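As the structure is a prediction and not an experimental result, all values here were calculated from the model.
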Number of protein chains: 2
Amino acid sequence: MSTPIKIDPKLDLVLERTIGVPRELVWKVWTTPEHLKHWFCPKPWSVTRCEIDLRPGGIFSSVMRSPEGQEFPNVGCYLEVVPNERLVFTDALLPGYRPSEKPFFTAILDLYPAGNGTRYVATALHRDEAGRKQHEEMGFHDGWGTVVTQMVEYIKTRL
Amino acid sequence: MSTPIKIDPKLDLVLERTIGVPRELVWKVWTTPEHLKHWFCPKPWSVTRCEIDLRPGGIFSSVMRSPEGQEFPNVGCYLEVVPNERLVFTDALLPGYRPSEKPFFTAILDLYPAGNGTRYVATALHRDEAGRKQHEEMGFHDGWGTVVTQMVEYIKTRL
């Protein structure tokens, strides 16, 4: 049974879209490193590495690279893995559940069937208002939105 | 499939005991507030409140009360719930997976059958050496050991 998630508009950010690709393919490109690398970062940024151990406590890491070549590693672990329905991960815990040095957010991806497509709901939970604000200023809405557009295009043209 | 946990002796603390009560009863007293209150804190400290929503992301909270009457609340969430085998919870995440303000440790309780009893392995994962040291100085070994003794006595006399 999936855990009910409580959204707090002061602390959290939500991106919701209805997209014209089935959720099984969304799940596939979110959980396979070779697919994820192609769309997970707003271009011209890129993903140079990605590691996935798809189970609670398993690693989810990626390295994002700026157009200038600077690399930014992210590492966290999965918390819930419900195929085609829900994926939860956080950077508050390292793989194997060890508390991390710099917790920032927990992400929840919920996928609902919508006709032949998918209602895609991505939520970022922060510990305080400063965290939400920082994420907004980093470009949450544009960035996560761009990434969904890239993902849909990738699925339609490459899968 | 349970996640393999990597212990780092510099960062982590482990208490291991073989006890003369079956693991099903250990599980029961760890996951039922009315039972947990009786043994979860080294006496003369006591547990005045306990809330349990036994699923990943669900609340695990307790309030510990000093002999002088000062109360210390703890709140976190479960990460893995494998009945009679493994319970994982952390204070790095609040219920519903929101990153917490003061992450301190993740606890892993592993229960193995051992004859008519149980091999009881309780592990505390910290993010750094300072965290482990602080937990040691708070009395991890004596405290968690006392609590196991209290738990076994409670099971033998009250269940």
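Contacts of B/Asp8 with chain A are made by both backbone and side-chain atoms, with heavy-atom separations under 4.5 Å. Contacts of A/Thr106 with chain B are made by both backbone and side-chain atoms, with heavy-atom separations under 4.5 Å. Looking at A/Leu93, only its side chain comes within 4.5 Å of chain B, counting heavy atoms on both sides.
Ranked by heavy-atom pairs under 4.5 Å with chain A, the first of B/Gly96, B/Ser100, B/Gly58 is B/Ser100. With chain A as partner, the option from B/Ile108, B/Asp53, B/Leu11 having the largest number of non-hydrogen pairs under 4.5 angstrom is B/Leu11. Of the listed residues (A/Asp91, A/Thr90, A/Asp12), the one with the most heavy-atom contacts under 4.5 Å to chain B is A/Asp12.
The hydrophobic clustering, which links ILVMFWY residues whose side-chain heavy atoms are closer than 4.5 Å, places B/Phe140 and B/Val147 together. If you chain together hydrophobic residues whose side chains sit under 4.5 Å apart, B/Trp144 and B/Tyr112 never meet in one group. Cluster membership for B/Val121 and B/Val21, using ILVMFWY side-chain heavy atoms within less than 4.5 angstrom, is not shared.
What you find for A/Arg127 and B/Glu101 is that their closest heavy atoms are O-OE2, 3.4 Å. Considering every non-hydrogen atom in both A/His126 and B/Arg98, the closest pair reads O-NH1, 2.8 Å.
Partners of B/Val75 by side-chain contact (heavy atoms from CB on, under 4.5 Å), not counting sequence neighbours, listed by chain and number: B/Ile59, B/Ser61, B/Leu94, B/Pro95.
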How far apart are the C-alpha atoms of A/Tyr97 and B/Val88, what are their side-chain angles, what is the distance that settles it, and do they pass the side-chain contact (heavy atoms from CB on, under 4.5 Å) test? CA-CA 9 Å; A/Tyr97 302 126; B/Val88 181; 3.8 Å; yes

